[in-house]
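Here the structure comes first, spelled out in structure tokens, and everything after it is commentary.
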There are 2 protein chains.
Amino acid sequence: EKLLVSGVTLKSDDARVSLNDIPDRPGIAAEVFHALAAQNINVDIIVQSTGKDNKNTISFTIPHKDLKQAREILELLLKNWGTGSASFDENIAIVSAVGVGMKSHSGVAASMFKSLADAGINIEMISTSEIKISCVIAKDRGREALQIVHDVFGLTQTA
Amino acid sequence: EKLLVSGVTLKSDDARVSLNDIPDRPGIAAEVFHALAAQNINVDIIVQSTGKDNKNTISFTIPHKDLKQAREILELLLKNWGTGSASFDENIAIVSAVGVGMKSHSGVAASMFKSLADAGINIEMISTSEIKISCVIAKDRGREALQIVHDVFGLTQTA
Ligand SMILES: C[C@@H](O)[C@H](N)C(=O)O
Ligand SMILES: C[C@@H](O)[C@H](N)C(=O)O
């Protein structure tokens, strides 16, 4: 498989937010991101897997500096829904492999995941498209992960 | 906020696969996608939220035609791990908004999610980056969702 990855990035100033066991019905996701957008809180990755028993969890990352404000917004939503909880983790880094046409990217994903695994780095969250594979990992492994993923794709780290 | 969305796509020939309650330790994600890549099974979106009690769930989409082979591969992995289960859903469509620099894309995500919600379409899975917001929805709402998301971003549907 040709080399499809053109770069690797590291983001260390985001925090993870999870809305756990919230209603899995139309309108919920819209409410969350509308409320955040209204306060100009930028969101990087959003992941949501399939729900169960009409409940679901939405996880996303926002800048550390917006955590306090996000907490207030989300507590209000949770109160209105009458269900669910919010959890936060500031101790994360997002390492991403960027490429073009990674449509057959199960191989690219496998290589990236394997390189992190071999270093004993646990992958906490995953979000992908054909253009980008993002992994959330522990913040203190960020620099190391950036080097590792650069190496596995034969890229020269310039920064 | 300027118009950041340049196009909307619909994919109706993928199926969702979820690996539920699998071990949340380094190497697991690598094993899954290595096994799929070895059989040339293309993966579109991969989502994984944060784990709990050392267990996690990884969901992803693959072409319908690869379901049978994927099942065999995954059953073998589950057997080796001695824990977890696989679930499948052929009844999905993936609608995606593609854009550039959607860094402040909580607003773009909110608009997309709201447009689907107003039509009563439940969002089953979400995977995003600054360049793409993908939503997994029921297959029979696919065509309608494509039109809806085109409209909310003021795009002309050409196909
Ligand atoms: C959980 C949330 O995504 C919900 N399913 C919605 O459509 O808004
Ligand atoms: C669940 C899976 O992603 C695991 N955390 C890994 O690192 O492989």
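Here is how names work: the chains are called A, B, and so on, in the same order as the sequence lines, proteins then strands, and each is numbered from 1.
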Counting C-beta onward and ignoring hydrogens, is there a side-chain heavy-atom pair between [X] and [Y] closer than 4.5 Å?
X	Y	result
A:Val5	A:Val149	no
A:Leu19	A:Leu78	yes
A:Ile148	A:Ile121	yes
B:Thr83	B:Lys55	yes
B:Arg16	B:Ser87	yes
A:Thr50	B:Asp89	no
A:Ile133	B:Phe33	no

Among [options], which residue forms the greatest number of heavy-atom pairs with chain A at distances under 4.5 Å?
options	answer
B:Ala37, B:Ala30, B:Ala109, B:Pro26	B:Pro26
B:Ile58, B:Val47, B:Val32	B:Val47
B:Gly27, B:Ala29, B:Ser18	B:Ala29

Atom group of [X] that falls short of 4.5 Å from chain A, counting heavy atoms:
X	answer
B:Thr57	side chain
B:Ser49	both
B:Asn56	side chain

Quick one: of A:Ile123, A:Val136, A:Leu36, who has the most non-hydrogen atom pairs under 4.5 Å with chain B?
A:Ile123
Relative to chain B, which of A:Glu31, A:His34, A:Glu124, A:Arg25 shows the most heavy atom pairs under 4.5 Å?
A:Glu124
Is any residue of residues 110-120 of chain A within less than 4.5 Å of chain B by heavy atoms, and which ones?
A:Ala110, A:Phe113, A:Lys114, A:Ala117, A:Gly120
Do A:Ile126 and B:Phe60 pass the side-chain contact (heavy atoms from CB on, under 4.5 Å) test, and can you show the C-alpha distance, the side-chain angles, and the key distance before you say yes or no?
CA-CA 10 Å; A:Ile126 301 170; B:Phe60 52 94; over 6 Å; no
So does A:Thr128 get a backbone contact from the side chain of B:Ser127, meaning a donor-acceptor N/O pair under 3.5 Å?
yes
Rounded to the nearest 0.5 Å, what separates atom CD1 in B:Ile41 from atom CD1 in B:Ile62?
5.5 Å
